[in-house]
There are 2 protein chains.
Amino acid sequence: MEKRSETTIHDIARELNISASTVSRALNNNPIISEPTRKLIEKTAKAMGYRPNILAANFRTKRTNTIGVMLPLINRHFFSSVISGIEEVAYDQGFTVTISQSNDNFEKETKIAQTLFSNRVDGLIVSIGMQTTNYDHLKLFAEKKVPLVFFDRVVDKIKAHKIIVDDYRGGFKAASHLIEQGGKRIAHIGGPLNLKIYQDRLSGYKDALEKAGIPVNESMLVHNSLTREDGTNAIKRLLQNPEKPDAIFCANDTTALSVILYLRKKGIKVPDDIMVVGFSNEPFSEVVTPSISTIKQPGFEMGKKAAELLIKQIKQKDKPVRYKTLVMPTELVIRESSVKNRNK
Amino acid sequence: MEKRSETTIHDIARELNISASTVSRALNNNPIISEPTRKLIEKTAKAMGYRPNILAANFRTKRTNTIGVMLPLINRHFFSSVISGIEEVAYDQGFTVTISQSNDNFEKETKIAQTLFSNRVDGLIVSIGMQTTNYDHLKLFAEKKVPLVFFDRVVDKIKAHKIIVDDYRGGFKAASHLIEQGGKRIAHIGGPLNLKIYQDRLSGYKDALEKAGIPVNESMLVHNSLTREDGTNAIKRLLQNPEKPDAIFCANDTTALSVILYLRKKGIKVPDDIMVVGFSNEPFSEVVTPSISTIKQPGFEMGKKAAELLIKQIKQKDKPVRYKTLVMPTELVIRESSVKNRNK
DNA sequence: TTGTAAGCGTTATCAA
DNA sequence: TTGATAACGCTTACAA
């Protein structure tokens with residue numbers, strides 16, 4: 001004669017000789033219920049160890065109170081900061097967060113999107129993978145009116161809220177800074193150009209050069225997937241140029257680090273022989289020697305903003321939305337890797 | 001006359017003049033259904049754009065195919081690696097992963113646990129917070145037979161699978177290494193002792209000292225929450241000792257980094273004046289100058305193991321479980337911060 | 001302010 | 001091998 005499964009609202013109703021709907025309403029703080037009734041029901045519910053069956057409620061209401069997050073890689077400081085931001089807002093608003101990483105793999109990304117859709121997440125926050133050039137799996141959300149918010153690696157062609165950083169100005173600031181520091185032959189290690197962020201960083205870089213009257217030299221441009229190995233290969237290739245670079249703007253800190261480590265190994269001095277600027281402000285950038293000048297992106301705030309916009313959209317379902325693109329400011333953090341003659 | 005809401009198995013059944021149960025069975029690959037029928041149903045389902053209503057299925061089966069993960073902080077390399085490992089296994093096995101961070105806050109941890117429980121996760125993977133000394137919120141899972149797996153910061157008192165690293169041997173190895181390198185006055189910056197991992201790291205350290213005939217000096221021990229600031233405060237305090245340490249074993253890399261940065265600022269040489277060893281092998285440890293000797297923990301593998309054990313338990317529900325504690329090996333990574341006279 | 005009753009889409013039981 | 005039917009626990013018109 002143990003407890004025969006979980007108590008339901010019907011058990012409570014029977015206990016109090018009232019109807020289940022009243023119990024339901026009271027427990028959902030429906031203002032239509034009188035204060036004494038509510039109090040009584042709450043008390044009894046607690047006493048009977050009632051726990052709402054969220055599965056039933058979700059099923060009934062077609063809502064899950066769950067936000068899906070899909071991004072390339074959890075295990076990167078920028079992305080995990082974004083998750084932290086999302087999680088904080090979501091938690092405060094009573095939402096649960098489901099996270100999946102695509103590993104920059106298009107097939108996995110497609111499957112994840114479908115799974116999240118089938119799982120009826122109330123909304124989705126996405127940063128797309130490096131290989132992604134087809135967006136059908138995301139259009140699905142847009143079409144079926146499931147709120148969708150992009151961050152960082154966004155898709156231009158889909159209408160949705162977008163949280164990005166000002167990659168163009170970031171690239172511009174980075175390159176301008178290198179020019180100010182005396183850079184004449186400024187190389188760029190960039191990411192795949194199907195991603196707008198890398199296009200923009202590149203454009204910013206190019207415009208800064210042009211503004212300074214420095215011609216953009218194609219042999220000074222390398223594009224790859226920005227892994228540690230890619231960075232090493234890129235710097236090797238750049239060093240084979242007849243005219244070696246005297247400064248490098250890397251589209252992320254990982255490659256900036258590779259470059260610095262490789263140059264150190266080769267006895268080439270950073271910043272004296274070659275200056276380096278990265279992008280993202282990974283934690284290691286501050287503490288490596290020389291510390292890496294970089295463009296800071298407010299990951300945590302971006303996550304918060306993304307979650308806020310998404311939840312707002314979820315709550316105002318079927319009201320028309322004016323999609324906005326939030327451009328978060330970047331900040332150039334000047335450290336040792338780009339400043340010659342510090343002690344002069 | 002657009003599509004009037006989603007197609008259900010009933011729609012398919014009507015279309016084919018068969019029963020909904022047959023459709024359900026076919027779509028679930030129930031072997032009782034004849035091959036031609038199944039094929040036909042699958043074809044029609046696809047043609048009609050059928051998408052199973054997972055909410056309904058979850059409700060009906062009382063399963064969610066969801067794994068809950070609760071840990072202190074997403075935004076730490078070790079933890080995000082664990083998540084990556086969990087996510088990989090879970091994804092392969094058709095499970096969804098829900099992640100929440102407690103921020104080492106006990107109240108938040110309690111609330112998260114209850115939310116996950118109410119959301120009927122099929123199982124929970126946990127690493128508890130620094131403040132956690134009461135475990136009722138976790139016992140709930142154990143009592144209600146919801147599979148539970150601990151990792152890293154485990155709870156002794158609850159019977160469950162546990163994935164830990166050999167913290168004792170890690171501490172022992174770290175301290176022994178410092179002794180071998182000539183350390184005589186070896187300090188320890190440790191974490192809160194209600195967590196077993198920090199107890200064990202401390203014990204390992206103590207035993208290594210004793211084995212070498214070095215008395216353990218209480219003034220050489222600091223315990224705190226191991227943040228960046230805590231590390232700085234700890235080293236300040238240690239430097240005020242009449243007998244200054246010549247080596248420090250830090251219970252994580254974050255404090256090891258603080259120590260190194262502080263000493264650098266004060267013109268105290270690492271490792272020549274004071275040697276430092278950390279714990280965790282955060283990415284920055286390899287690249288900071290001097291690079292930090294540390295104890296490597298296989299976060300990704302721990303995550304995978306945790307997920308595997310959990311899912312096995314979920315699938316073999318109500319079979320009795322022999323709980324095991326998996327002790328993953330640690331590895332001492334020797335770098336610059338603990339080796340004097342490298343060039344001799 | 002409360003009650004009645006229908007129904008969400010699926011799976012499971014039993015019968016055919 | 002397939003079908004009929006009930007049931008899961010909740011929310012929500014609608015009625016009282």
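Chain A is the first sequence line, chain B the second, and so forth, proteins listed ahead of strands; every chain is numbered from 1. Because only heavy atoms are used, hydrogens play no part in the values below, and waters and symmetry mates are left out as well, while side chains stay in.
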Report which part of the nucleic acid [X] touches: base, sugar-phosphate, or nothing (heavy-atom distance under 4.0 Å, all strands).
X: Thr8(B); answer: sugar-phosphate
X: Ile18(A); answer: sugar-phosphate
X: Asn28(B); answer: sugar-phosphate
X: Thr61(B); answer: sugar-phosphate

Discussion item. What I want to check is whether the side chains of Thr66(B) and Thr96(B) have a donor and an acceptor closer together than 3.5 Å.
Written reply: no
Discussion item. Could you check whether Ser81(B) and Asn75(A), counting side-chain N and O atoms only, form a donor-acceptor pair closer than 3.5 Å?
Written reply: yes
Nucleotide of [options] approaching [X] most closely (side-chain heavy atoms):
X: Arg25(A); options: dT10(C), dG3(D), dC14(D); value: dC14(D)
X: Lys62(B); options: dC14(C), dG9(D), dA5(C); value: dG9(D)
X: Ala56(B); options: dG3(D), dG9(C), dT11(D); value: dG9(C)

Worksheet item: Tell me, which of residues 30-41 of chain A have any heavy atom that sits under 4.0 Å from an atom in DNA chain C?
Response: Ile32(A), Ile33(A), Ser34(A), Thr37(A)
Worksheet entry | Residue-level proximity of residues 44-52 of chain A to DNA chain C when a heavy atom falls under 4.0 Å | none
Worksheet item: Is the NZ or CZ atom of Lys111(A) both under 6.0 Å from the centre of the six-membered ring of Tyr91(B) and within 45° of that ring's axis?
Response: yes
Practice prompt. Using a strict 4.0 Å threshold on nitrogen-to-oxygen distance, state whether Glu42(B) and Lys39(B) make a salt bridge.
Written response: no
Worksheet item: What pair of heavy atoms forms the shortest contact from Ser102(B) to Pro72(B), and how long is it?
Response: OG-CA, 3.3 Å
For the pair made of [atom1] in [X] and [atom2] in [N], what is the distance, rounded to whole Å?
X: Leu55(A); N: dT11(D); atom1: CG; atom2: C1'; answer: 15 Å
X: Asn58(A); N: dT11(D); atom1: CG; atom2: P; answer: 10 Å
X: Ile54(A); N: dC8(C); atom1: CD1; atom2: P; answer: 23 Å
X: His10(B); N: dA4(D); atom1: NE2; atom2: P; answer: 11 Å
X: Leu27(B); N: dA12(C); atom1: CG; atom2: C1'; answer: 16 Å
X: Ile9(B); N: dT10(C); atom1: CD1; atom2: P; answer: 5 Å
X: Glu6(A); N: dC8(D); atom1: CD; atom2: C1'; answer: 13 Å
X: Arg14(A); N: dT2(C); atom1: CZ; atom2: P; answer: 20 Å

Discussion item. Quick check on dT2(C): is either OP1 or OP2 less than 4.0 Å from any side-chain nitrogen or oxygen of Thr22(A)?
Written reply: no
Fill in: OP1 or OP2 of dT11(D) under 4.0 Å from side-chain N/O of Ser24(A)
yes
Fill in: For Ile163(B), the option from Lys324(B), Glu308(B), Lys305(B) that meets side-chain contact (heavy atoms from CB on, under 4.5 Å)
Lys305(B)
Worksheet item: Any side-chain heavy-atom pair from Thr325(B) and Val154(B) closer than 4.5 angstrom?
Response: no
Worksheet item: Quick one: does Ile128(B)'s side chain get under 4.5 Å of Val155(B)'s, heavy atoms only?
Response: yes
Worksheet, complete the sentence: Interatomic distance, CG@Leu326(B) vs NE2@His161(B), rounded to 0.5 Å, equals 9.0 Å
Worksheet entry | 5'-most by nearest nucleotide on DNA chain D - Asn17(B) or Phe59(B) | Asn17(B)
Worksheet item: Is the number of heavy atoms from other residues, nucleotides or ligands within 6.0 Å of NZ (Lys312(A)) greater than 12?
Response: no
Worksheet entry | Side-chain donor/acceptor of Ser21(B) to base of dA4(D), under 3.5 Å | yes
